[in-house]
Trainee: 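Could you have a look at this structure, given as structure tokens, before my questions?
Computed over heavy atoms, backbone and side chain alike; hydrogens, waters and symmetry mates excluded. Heads up: numbering here begins at 1 and tracks the sequence. Read the numbers this way: they start at 1 and go in the same order the structure lists the ligands and their atoms.
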Amino acid sequence: MRIVVLTGAGISAESGVPTFRGKEGLWKKYDPRELATPEAFRRDPKTVWEWYNWRREIIAKAEPSEAHRLLAELERRRDLWVITQNVDGLHQRAGSERVIELHGNIWKVRCISCGARYYDRTVPLREIPPRCRECGGLLRPDVVWFGETLPKDALERAYQLSSEADIFLVIGTSAQVYPAAELPLVAKGRGARLIEINPEETPITPYADLSIRKGASEGLRKVIEEI
Ligand code: APR
């Protein structure tokens, strides 16, 4: 019985990490086109890095939520995979090992000159924008920005897992961003039981066999009892 879980910012909201589109969402304060695009970075890498430095500081102080921990525990006794849109690394910090990061990881950096990719967990950053430890070139966050393609291997693996799922859980995503938002429909189309956990309705809700209007931790506690 393969369980596949797609998570979004909502699962980290309970860790104190702001979501993007919620009431207190990040996109309320910042215009994504000003920060999360290659053009914005080319135009003003310093401002983009100031935003990421601020998010890294919030995430460094955050602890995995009960929901992150419940998924890590469930992975130890069930055939379970997590596909996350989040870049905060909280699933791994909770102990999950089978995690596919569709949008990259905020703790990874990539050099736009020599292509070096590595983790840099410095909080706060020593210099903004940070420089490559290999060549001194300009670093960028190794995350997927609007208009960029997702990491090929992660995306292929995510589609494969979704098509093999017996139970597909969607937790804490507004299902507005593709291709991630298509994965629940891929699973449903291949006969999976589709369960959604979100305090609000989303475009996925009409397709769900069960849609729980609860937060991630409370909703997951209920679902785990019956899967
Ligand atoms: N538990 C579960 N879900 C919650 C909670 C909670 N405690 N609090 C809020 N939510 C839900 C909101 O109702 C919303 O549907 O989490 C969802 C957050 O949606 P978004 O902020 O749009 O985040 P997400 O869906 O992950 O965004 C997808 O968009 O900005 C890009 O790359 C970024 O990965 C991100 C992608």
Trainee: Looking only at protein heavy atoms, which one is nearest to atom 6 (C) of ligand 1, and what is the separation?
Mentor: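 Minimum-distance protein heavy atom for atom 6 (C) of ligand 1 reads G10 O, 3.4 Å.
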Trainee: Got the closest protein heavy atom to atom 27 (O) of ligand 1, with its distance?
Mentor: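 Protein heavy atom with the smallest distance to atom 27 (O) of ligand 1: R21 NH1, 3.0 Å.
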Trainee: What part of T173, side chain, backbone, both or neither, has a heavy atom within less than 4.0 angstrom of ligand 1?
Mentor: both
Trainee: Tell me, which protein residue and heavy-atom name are nearest atom 8 (N) of ligand 1, and how many Å apart are they?
Mentor: A13 CB, 3.8 Å
Trainee: Using a strict 4.0 Å cut-off to heavy atoms of G8, name the atoms of ligand 1 that fall inside it.
Mentor: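 Contacts of ligand 1 toward G8, numbered from 1: 26 (O).
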Trainee: Taking 4.0 angstrom as the limit, do R117 and D142 come out as a salt bridge?
Mentor: yes
Trainee: Give the atoms of ligand 1, by number and element, whose distance to some non-hydrogen atom of N198 is under 4.0 Å.
Mentor: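 Atoms satisfying the 4.0 Å criterion: 11 (C), 12 (C), 13 (O), 14 (C), 15 (O).
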Trainee: Is a side-chain donor or acceptor of S65 paired with a backbone partner of A13 at a separation under 3.5 angstrom?
Mentor: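 Side chain of S65 to backbone of A13, a donor-acceptor pair under 3.5 Å: no, none is there.
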Trainee: Can you tell me the protein heavy atom closest to atom 33 (C) of ligand 1 and the distance?
Mentor: F20 CE1, 3.8 Å
Trainee: Using modelled atom types only, decide if a donor and an acceptor are shared between the side chain of T173 and the backbone of A175 within a distance under 3.5 Å.
Mentor: yes
Trainee: Before accepting this row, confirm whether a basic side-chain N of the pair E39/R43 lies closer than 4.0 Å to the acidic partner's carboxylate O.
Mentor: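 Judged by the 4.0 Å cut-off on N to carboxylate O distance, E39 and R43 do not form a salt bridge.
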Trainee: Regarding E156 and K152, does a basic nitrogen lie under 4.0 Å from an acidic carboxylate oxygen?
Mentor: yes
Trainee: Charged N to carboxylate O under 4.0 angstrom, D166 versus R2?
Mentor: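 Not counted as a salt bridge, because no side-chain N and carboxylate O are separated by less than 4.0 Å.
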Trainee: Tell me, which protein residue and heavy-atom name are nearest atom 36 (C) of ligand 1, and how many Å apart are they?
Mentor: V177 CG2, 3.8 Å
Trainee: For ligand 1, which atoms have a heavy atom of P199 less than 4.0 angstrom away?
Mentor: 2 (C), 3 (N), 4 (C), 5 (C), 10 (N)
Trainee: Which protein heavy atom lies closest to atom 17 (C) of ligand 1, and at what distance to 0.1 Å?
Mentor: G172 O, 3.5 Å
Trainee: Need the ligand 1 atom indices (1-based, order shown) with element for anything under 4.0 Å from a heavy-atom of A216.
Mentor: 1 (N), 2 (C), 6 (C)
Trainee: Between Q85 and ligand 1, does any nitrogen or oxygen pair lie at a separation below 3.5 Å?
Mentor: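 N/O-N/O distance under 3.5 Å: yes.
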Trainee: Closer than 4.0 angstrom: is that true for some heavy atom of H103 and an atom of ligand 1?
Mentor: yes
Trainee: For V144, is at least one N or O under 3.5 Å away from an N or O on ligand 1?
Mentor: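 No, since none of the N or O atoms of V144 sits under 3.5 Å from an N or O of ligand 1.
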Trainee: Looking at W51, does the NZ or CZ of R56 lie under 6.0 angstrom from its six-membered ring centre and within 45 degrees of the ring axis?
Mentor: no
Trainee: Any Lys/Arg nitrogen of R213 or E200 sitting under 4.0 Å from an Asp/Glu carboxylate oxygen of the other?
Mentor: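 Salt bridge flag = no for E200 with R213.
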Trainee: Assess R133 against Y118: is NZ or CZ under 6.0 Å from the centre of the six-membered ring, and within 45 degrees of the ring's axis?
Mentor: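 Yes, R133 and Y118 form such a contact.
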Trainee: Is ligand 1 under 4.0 Å from a heavy atom in the side chain of E14, in the backbone, in both, or in neither?
Mentor: side chain
Trainee: Any ion pair linking R93 and E63 (charged N to carboxylate O, less than 4.0 Å)?
Mentor: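 Looking at R93 together with E63, the answer is yes, because their closest N to O distance falls below 4.0 Å.
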Trainee: Identify the closest protein heavy atom to atom 23 (O) of ligand 1: which residue and atom is it, and at what distance?
Mentor: A9 CB, 3.4 Å
